[in-house]
Amino acid sequence: MSLVIVGTVAFDSIETPSGKADRVVGGAASYIALAASHFVREQELISVIGEDFPEEFLSTLESRGVNTDGLVTIKGGKSFFWEGSYHEDLIGRDTVTTELNVLEGWVPVVPENSKSAKYVMLGNLDPVVQMSVLNQIPSPDLVVLDTMNFWMDIAMESLKKVISKVDVLMINDEEARQLTGFKTLPLAAAEIHKMGPKTVVIKKGEHGAMMFEDGNTFFSPAMPLEKVIDPTGAGDTFAGGFIGYLARLGDISWEAKKQAVVVGSVLASFTCEDFGTERLQSLQESEWHTRMRELRAMVKFRSIRG
Ligand code: AMP
């Protein structure tokens, strides 16, 4: 298996200005796996769920080449649950509830045939679990880490340890400021480089994403959408598109990573069009190809002569 991902597989209750969705299937790893499945035919999903989780979603993942041998079901356990409420601007959101449930005390086991993985996506969850997965994969080519303010608040020390071991840190602008104390993104990125990661990707929601590596900077706008129903999972979709695309190319150069940022941005735009993972599940290749072309056309212009 060339790609291993770890992250939450969860139930989410979400309120946005467009309405409410109660206990829909979500979780960082669900979005990552669905997004990456557009690029890689086989991937290993490491996570934990309770007996309350719907079989149907697991079958959907399996039908898209996601191996679930490393997805543990805890008998009588309750799946991770997150409840969030978005502000009118659809950027700000408040976490109403986070119930770790089966995630508490869980020790991940990477199946034998995935220990040789070259691409590792440490999706949002307990940094101790992220580190444990990483320790079981001896020689990856690229390790990407995504996290969230929740873990900065309760597990900063373990988070910093795992950050020091990864190649790419992917976080949103607010989290970059919280992690580093710097207000501007170039300064925050420089500080994160000092913590270990060679590459820093900072997501800015509807304002796009920036990437910093070896003194180079890249910026991709987000696809301008007329209607945003629910941005939950957009960051995870971005991460799944980013690493899935690189795993498919087998190329981790700066140029490939720039393409991967745009792929991530385009896939994430679809996730925002419906609650939960619905839109990502129905997404066709031709649809994201069209949007890639539209985004490219929006940023191309004739060079300016002085
Ligand atoms: P995003 O909108 O990309 O930040 O991701 C939202 C997803 O992350 C939801 O599906 C949640 O189930 C999941 N999530 C929320 N809080 C956490 C957390 N503390 N750790 C891991 N996953 C989380």
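Read the numbers this way: they start at 1 and go in the same order the structure lists the ligands and their atoms.
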If you measure every N/O of F11 against every N/O of ligand 1, is any gap under 3.5 Å?
no
Please check whether D236 reaches ligand 1 - meaning an N/O of the residue sits under 3.5 Å from an N/O of the ligand, judged on distance alone.
yes
Below 4.0 angstrom from a heavy atom of T8, which ligand 1 atoms are there? Numbered from 1 as shown, please.
13 (C), 21 (C), 22 (N), 23 (C)
Check this for me: does any side-chain nitrogen of one of E213 and K257 sit under 4.0 Å from a carboxylate oxygen of the other?
yes
Distance under 4.0 Å to a non-hydrogen atom of M148: what atoms of ligand 1 satisfy this?
15 (C), 16 (N), 17 (C)
Which ligand 1 atoms does G26 reach within 4.0 Å, using its non-hydrogen atoms?
10 (O)
Carboxylate-amine/guanidinium proximity below 4.0 Å for E157 and K160:
no
Take the angle between the ring planes of F11 and F53 and call it parallel below 30°, perpendicular above 60°, tilted in between.
tilted
Atom 14 (N) of ligand 1: which protein heavy atom is closest, and how many Å away?
F80 CE2, 4.0 Å
So with a 6.0 Å cut-off around NZ of K165, is the heavy-atom count from everything else above 12?
no
Within 6.0 Å of NZ in K118, more than 12 heavy atoms from elsewhere:
yes
Which bit of R93 gets closer than 4.0 Å to ligand 1, counting heavy atoms only: side chain, backbone, both or neither?
side chain
Any nitrogen or oxygen of G233, main chain or side chain, under 3.5 Å from a nitrogen or oxygen of ligand 1?
yes
Are any of the N/O atoms on A10, whether in the backbone or the side chain, positioned under 3.5 angstrom from an N/O atom of ligand 1?
no
Which atoms of ligand 1 are found less than 4.0 Å from any heavy atom of G235?
3 (O)
Spacing of F218 atom CZ and M210 atom CE [to the nearest 0.5 Å]
10.5 Å
Angle class for the F238/F242 ring planes (parallel below 30°, perpendicular above 60°, tilted otherwise)?
parallel
With the threshold set at 4.0 Å, does a side-chain nitrogen-carboxylate oxygen contact exist between R291 and E273?
yes
Below the 3.5 angstrom mark, is there an N/O of T98, backbone or side chain, next to an N/O of ligand 1?
no
Per-atom contacts, ligand 1 versus G27 - under 4.0 Å to a heavy atom:
9 (C), 10 (O), 12 (O)
Taking 4.0 angstrom as the limit, do K203 and D146 come out as a salt bridge?
yes
G241 and V263 have their tightest heavy-atom pair at O-CG1, 3.9 Å
Taking atom 12 (O) of ligand 1 as the reference point, the nearest protein heavy atom with its distance
D12 OD1, 2.6 Å
Residue E174 excluded, over 12 heavy atoms near CD under 6.0 Å
no
Atom 23 (C) of ligand 1 [closest protein heavy-atom partner, distance rounded to 0.1 Å]:
N124 ND2, 3.5 Å
Ligand 1 atoms nearer than 4.0 angstrom to some heavy atom of A234 are 3 (O)
Among W151, W82, F150, Y86, whose heavy atom sits nearest atom 20 (N) of ligand 1?
W151
State the atoms of ligand 1, each with its element, that fall below the 4.0 Å cut-off from a heavy-atom position in Y31.
10 (O)
